[in-house]
Engineer: 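Could you have a look at this structure, given as structure tokens, before my questions?
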Number of protein chains: 2
Amino acid sequence: MFKKILVAEDIESINQGVHSILERLQVQHISHAQYCDDALLRIKRAIYDKNPFELLICDLSFKKDHRNVTLSSGQELIALLKKEQPNLKIIVFTIEDHPQIASTLINDCEVEGYVLKNRKGLAELEEAIKKVAQNKSYISPQLATTLKRNNLVVLPEYEIQLLTHLANGLTQDQIELHFKKQGITPNSRSAIEKRLKDLRDDFNAQTTVHLVTIVKDLQLI
Amino acid sequence: MFKKILVAEDIESINQGVHSILERLQVQHISHAQYCDDALLRIKRAIYDKNPFELLICDLSFKKDHRNVTLSSGQELIALLKKEQPNLKIIVFTIEDHPQIASTLINDCEVEGYVLKNRKGLAELEEAIKKVAQNKSYISPQLATTLKRNNLVVLPEYEIQLLTHLANGLTQDQIELHFKKQGITPNSRSAIEKRLKDLRDDFNAQTTVHLVTIVKDLQLI
DNA sequence: ACATCCCTTACGGAAATCCGTAAGGGATTG
DNA sequence: CAATCCCTTACGGATTTCCGTAAGGGATGT
């Protein structure tokens with residue numbers, strides 16, 4: 001079992017719940033951070049002290065308050081940490097069940113666990129901690145099944161840019177111009193139209209407005 | 001102070017936190033419901049038993065699981081309850097800080113309290129319970145300030161329909177036709193165009209796609 | 001080399017949207 | 001009653017988007 005764990009989570013009542021589990025698992029050093037910035041500092045400090053954390057249990061969304069923070073989300077924190085301390089195990093503990101977001105963290109950021117805060121969340125978290133301590137990984141069952149069958153759509157960077165510009169109010173002419181300035185290809189009017197047509201087909205969108213709302217709902221842009 | 005309180009909340013660790021507060025406030029009867037349907041049943045039953053609840057502390061979002069539920073959100077529950085037991089006090093305790101949603105609950109559904117689950121959430125909840133027990137109302141400070149200055153936009157039903165149809169892939173021609181069938185006026189092509197132009201101006205949208213993404217982000221549709 | 005495939009670009013016409021103007025019809029007000 | 005205001009509708013032209021066709025170029029395979 002882990003000896004030194006950091007919990008990054010801003011809601012106190014959930015912190016209490018997590019803490020009680022860690023105590024039951026007889027974790028010796030339990031630290032808490034209510035801000036992402038704090039979490040990063042503590043982890044850096046622990047490395048400097050030659051006594052690094054072994055596991056981070058991390059929420060994704062942190063409420064803003066009066067404090068100025070540079071890291072506002074768990075995603076940013078995790079992305080940094082994988083450079084700072086690659087051997088640090090990470091379990092995401094969040095209410096966020098959107099497959100797109102979970103998939104990015106699991107596959108790209110390579111977190112070791114992803115646990116949903118639901119009715120049985122704490123029990124699952126305990127399970128996850130045990131698994132990860134054995135060098136296995138853990139993903140909440142509901143999420144695991146949807147991730148498997150849900151053949152996730154990942155939009156290529158080009159399509160993301162195209163749709164984002166549309167959503168932000170650029171006309172196709174403006175996008176063509178912009179792509180030419182930035183050296184992004186293809187940038188002809190024709191190609192842009194064709195991509196949009198293909199995307200409409202792919203997503204069964206009747207109009208371009210429809211298309212943009214669909215990809216926004218799917219959080220692809 | 002209240003003697004009989006129901007807590008509708010699906011995440012166990014938060015339930016624990018709320019429970020500990022209610023105990024400190026020496027509430028005699030504390031009930032919990034992990035599903036909206038359960039909450040409704042318990043409240044009805046309590047009325048039938050001539051021993052109704054005095055206060056409901058209610059989350060908004062409830063995770064779906066294997067159980068079939070008819071009420072899937074706190075909003076639906078609250079809307080029903082205000083008919084079922086008009087004198088029941090309600091405090092919303094949620095992570096949802098979108099002013100649009102909060103405003104609807106506070107002004108339309110007339111809940112007595114709206115507390116955000118943030119770093120000081122439990123302390124605020126305690127404060128709210130005390131206030132509401134004195135027939136006052138309570139709104140989380142952060143929210144209260146934004147609600148005041150944020151001169152909330154409320155879109156008339158007609159505009160909501162128009163934009164929703166656009167977002168769902170109808171062309172302006174199809175919308176004109178649809179409005180005529182439904183007897184919704186104005187339904188001329190011209191009027192539809194004019195409304196969209198006005199809306200684009202109101203929201204500083206460059207294009208119609210832009211407009212739709214803006215109102216979707218604001219959760220106006 | 002040649003054929004094939006895939007992608008980009010170009011072009012032209014159809015369709016949809018955008019925009020301004022103007023006419024008509026209620027409601028309000030002097 | 002007349003004047004005014006506001007909204008709806010109609011219409012025409014400009015702009016934008018949509019769609020099909022075709023030409024050109026690079027990569028791959030035979």
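To find a chain, count down the sequence lines: A is the first, B the second, and so on, and within it residues start at 1. A quick note: this is a predicted structure, and the numbers were derived from the prediction, not measured.
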Engineer: Write down the distance between CD (A:E193) and P (D:dT21), rounded to a whole number of angstrom.
Structural biologist: 15 Å

Engineer: What is the distance from NZ of A:K197 to P of C:dT8, rounded to the nearest Å?
Structural biologist: 16 Å

Engineer: State whether the distance check finds a donor on one side and an acceptor on the other, under 3.5 Å, for side chain A:S188 versus base C:dA10.
Structural biologist: no

Engineer: Within this structure, what is the NZ-to-P distance between B:K194 and D:dC11, rounded to whole angstrom?
Structural biologist: 19 Å

Engineer: What is the distance from CD of B:Q172 to P of D:dT17, rounded to the nearest Å?
Structural biologist: 13 Å

Engineer: Could you check how far CZ of B:R189 sits from P of C:dC18, rounded to whole Å?
Structural biologist: 8 Å

Engineer: With hydrogens left out and only the distance checked, is there a donor-acceptor pair under 3.5 Å joining B:S190's side chain and the base of D:dC11?
Structural biologist: yes

Engineer: Just so I know, are the side chains of A:D65 and B:N118 near enough to count as touching, which here means a heavy-atom distance under 4.5 Å?
Structural biologist: no

Engineer: Where the side chain of B:D173 is concerned, which of C:dA16, D:dT9, C:dT8 is the nearest nucleotide?
Structural biologist: C:dA16

Engineer: Tell me: CZ of A:R200 to P of C:dA16, nearest whole Å?
Structural biologist: 12 Å

Engineer: Mind checking whether A:H165 and A:H178 have parallel, tilted or perpendicular rings, split at 30° and 60°?
Structural biologist: perpendicular

Engineer: Which part of the nucleic acid does A:T208 contact within heavy-atom distance under 4.0 Å: base, sugar-phosphate only, or nothing?
Structural biologist: sugar-phosphate

Engineer: State whether a side-chain donor-acceptor pair under 3.5 Å links B:T104 with B:D108.
Structural biologist: no

Engineer: So, taking the atom named OG1 in A:T70 and the one named CD in A:E76, what distance separates them when rounded to the nearest 0.5 Å?
Structural biologist: 8.0 Å

Engineer: What is the distance, rounded to the nearest whole Å, between atom CD1 of B:I175 and atom P of D:dT9?
Structural biologist: 15 Å

Engineer: Rounded to the Å, how far apart are A:Q206 CD and C:dA16 C1'?
Structural biologist: 15 Å

